[in-house]
Undergrad: 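Starting off with a structure, shown below.
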Protein chains: 2
Amino acid sequence: VIELEKAVKTYRVEDVEVRAMRGINLTVEEGEYVSIMGPSGSGKSTLLNIIGCLDTLTSGTYRLDDEEVANLSENDLARIRNRKIGFVFQSFNLIPRATVLRNVEIPMIYSGKPNRREVAKDLVRFVGLEKRLLHTPNQLSGGEQQRVAIARALANDPAIILADEPTGSIDSATGEKIMALLTTLHEQGNTVIVVTHDEYVAGMTNRIIRIRDGKIIREDWIVHF
Amino acid sequence: VIELEKAVKTYRVEDVEVRAMRGINLTVEEGEYVSIMGPSGSGKSTLLNIIGCLDTLTSGTYRLDDEEVANLSENDLARIRNRKIGFVFQSFNLIPRATVLRNVEIPMIYSGKPNRREVAKDLVRFVGLEKRLLHTPNQLSGGEQQRVAIARALANDPAIILADEPTGSIDSATGEKIMALLTTLHEQGNTVIVVTHDEYVAGMTNRIIRIRDGKIIREDWIVHF
Ligand SMILES: Nc1ncnc2c1ncn2[C@@H]1O[C@H](COP(=O)(O)OP(=O)(O)OP(=O)(O)O)[C@@H](O)[C@H]1O
Ligand SMILES: Nc1ncnc2c1ncn2[C@@H]1O[C@H](COP(=O)(O)OP(=O)(O)OP(=O)(O)O)[C@@H](O)[C@H]1O
Ligand SMILES: [Mg+2]
Ligand SMILES: [Mg+2]
């Protein structure tokens with residue numbers, strides 16, 4: 001479902017080039033449960049943003065469900081981001097002036113999903129924030145903001161879930177709850193890709209992709225008993 | 001050096017009260033190395049913000065170096081925050097349009113410290129970001145932003161370092177480097193307080209304060225061999 005070939009992403013800062021992805025070849029099949037690990041600055045978020053259609057490659061190809069993403073219109077891409085992909089951002093990217101409830105509802109306004117208020121309440125309850133429904137992001141703790149970001153990413157029941165360090169700001173007990181949710185989504189057939197620094201989190205997936213300096217240097221395939 | 005007595009902090013959201021700190025009694029002596037752990041939303045950042053003079057109590061007392069903080073003027077507080085306390089924020093709070101170098105220099109502009117450019121470069125080099133000096137925060141990875149926040153907190157060589165989840169977005173190798181830095185600062189006589197979800201990080205300190213629902217429920221005193 002996700003096929004990257006010779007994928008390169010280069011940023012320019014003044015007259016310096018930052019080669020964040022240096023030729024990545026990666027195939028993720030439908031329903032896989034994958035984690036991506038690597039040092040700070042190695043290109044994990046950049047890779048996830050490319051997969052999530054939030055940014056475009058400098059060179060190389062990206063086929064999503066057998067369509068070359070570079071050929072898609074902005075409308076197609078917006079639709080894919082809204083319905084096919086649920087993205088949990090490393091810095092959450094919540095709407096500052098909207099409540100928790102509204103933040104989780106917003107993707108469903110775009111997709112025209114019925115009974116969005118009920119769905120939003122269920123998701124917020126699931127991540128343990130039913131007592132914070134009317135708070136705005138600046139009235140939440142760091143881990144609470146992260147949980148809202150997770151709830152929002154799941155609003156349209158997307159086939160592909162991309163989570164950039166979903167447990168970075170959360171204690172282990174809450175983090176386990178989040179990982180249990182992602183594992184359940186995987187078991188229901190969704191494709192789940194998690195960027196993480198946590199070996200425990202990575203160990204819950206079936207495949208660990210290790211990145212260094214914009215290249216894949218190792219892959220581990222995990223058997224769970 | 002830090003004395004909180006019956007410290008209470010209550011937020012209001014619409015007509016609901018959120019009791020983030022529910023009567024905290026805490027003394028931290030000069031030169032201690034303390035970590036604060038607890039579930040997401042338990043009040044850790046709120047407590048650190050009170051200690052760091054970024055927010056004021058609803059009731060109770062806070063004496064910093066034997067001065068009641070509630071009696072200090074806004075000028076006194078600004079001076080304390082700039083020179084006595086180095087704060088690493090959970091969400092970094094970098095200046096968006098300023099470069100890495102400028103972000104680290106800014107506290108030294110306020111304090112009038114000489115040769116600030118050299119000091120800033122040293123700190124940036126220490127956290128491994130010498131190749132990112134001219135990037136702005138949005139041109140950095142999550143862990144790189146965190147490292148800039150750490151470098152900036154140390155700019156004025158503060159006696160008290162307050163770090164809110166300093167390794168949350170960083171891989172373990174870089175995280176160990178950051179903790180080694182904090183340990184060195186402790187050994188040099190600084191008072192270091194770290195909020196963390198990471199038992200490994202907490203295990204490097206001498207005292208773990210565990211919080212739940214705005215109250216201290218347990219303290220561990222650690223002996224290192
Ligand atoms: N400005 C605010 N207005 C209203 N409620 C707030 C505000 N800031 C924090 N809260 C609430 O106070 C409680 C404590 O927040 P705090 O940020 O101290 O938690 P924390 O322990 O740092 O959590 P985390 O580990 O997720 O960072 C949370 O439940 C949060 O919803
Ligand atoms: N918009 C940008 N402009 C310039 N350079 C950038 C930009 N975004 C990221 N970079 C650089 O590209 C490299 C990869 O960044 P990326 O965010 O993918 O890293 P990461 O692996 O997610 O790191 P972390 O674990 O710290 O979140 C970093 O060194 C960063 O400085
Ligand atoms: Mg990242
Ligand atoms: Mg916090």
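Letters go in sequence order (proteins before strands), and every chain restarts at 1. Computed from heavy atoms alone, side chains included, the values below leave out hydrogens, waters and symmetry copies.
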Undergrad: Looking at B/Arg210 and B/Glu199, is any side-chain nitrogen of the basic one under 4.0 Å from a carboxylate oxygen of the acidic one?
TA: yes
Undergrad: Does B/Glu219, at its CD atom, have more than 12 non-hydrogen atoms belonging to other residues, nucleotides or ligands within less than 6.0 Å?
TA: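 Enclosed.
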Undergrad: Which of residues 142-152 of chain A have a heavy atom under 4.5 Å from any heavy atom of chain B?
TA: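 Those residues of residues 142-152 of chain A which have a heavy atom under 4.5 Å from chain B are A/Gly142, A/Gly143, A/Glu144, A/Arg147.
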Undergrad: Between the side chain of B/Asn190 and the main-chain N/O of B/Leu185, is any donor-acceptor distance below 3.5 Å?
TA: yes
Undergrad: Tell me, out of A/Leu140, A/Val18, A/Leu129, who's got the most heavy-atom pairs with chain B below 4.5 Å.
TA: A/Val18
Undergrad: Just checking A/Arg22: does its CZ atom have more than 12 heavy atoms from other residues, nucleotides or ligands closer to it than 6.0 angstrom?
TA: yes
Undergrad: Looking at B/Ile216, B/Leu162, B/Val195, B/Ile36, which hits side chain to side chain contact (heavy atoms under 4.5 Å, CB included) with B/Leu47?
TA: B/Ile36
Undergrad: Please classify the contact between A/Ser40 and chain B as side chain, backbone, both or neither, with a heavy-atom cut-off of under 4.5 Å.
TA: both
Undergrad: With a sphere of 6.0 Å drawn around OH of B/Tyr200, does it hold more than 12 non-hydrogen atoms of other residues, nucleotides or ligands?
TA: yes
Undergrad: Please determine whether a side-chain nitrogen of the Lys or Arg among A/Glu130 and A/Arg125 lies less than 4.0 Å from a carboxylate oxygen of the Asp or Glu.
TA: no
Undergrad: Can you tell which of A/Ser141, A/Ser169, A/Ser91, A/Ser42 has the highest number of heavy-atom pairs within less than 4.5 Å of chain B?
TA: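 The answer is A/Ser169.
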Undergrad: Counting heavy-atom pairs closer than 4.5 Å to chain A, which one of B/Val13, B/Asp171, B/Thr46 comes out on top?
TA: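 Between B/Val13, B/Asp171, B/Thr46, the count favours B/Asp171.
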Undergrad: Could you tell me which of A/Thr174, A/Thr167, A/Ile170 has the largest number of non-hydrogen atom pairs under 4.5 Å with chain B?
TA: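 Option with the top pair count is A/Ile170.
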Undergrad: Any Lys/Arg nitrogen of A/Lys9 or A/Asp55 sitting under 4.0 Å from an Asp/Glu carboxylate oxygen of the other?
TA: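 Yes, this pair counts.
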Undergrad: In terms of heavy-atom proximity below 4.5 Å to chain B, should A/Val16 be classed as side chain, backbone, both, or neither?
TA: neither
Undergrad: Quick one: do B/Arg207 and B/Asp220 make a salt bridge, cutoff under 4.0 Å?
TA: no
Undergrad: Count the heavy-atom pairs under 4.5 Å between each of B/Gln90, B/Glu14, B/Met37 and chain A, then report the option with the highest count.
TA: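 The candidate making the most pairs under 4.5 Å is B/Gln90.
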Undergrad: Less than 4.5 Å apart, any side-chain heavy atom of B/Thr205 and any of B/Val34?
TA: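 Of all side-chain heavy-atom pairs linking B/Val34 with B/Thr205, none is under 4.5 Å.
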Undergrad: For the interface with chain A, which of B/Ser45, B/Gly175, B/Pro39 has the highest count of heavy-atom pairs at distances below 4.5 Å?
TA: B/Pro39
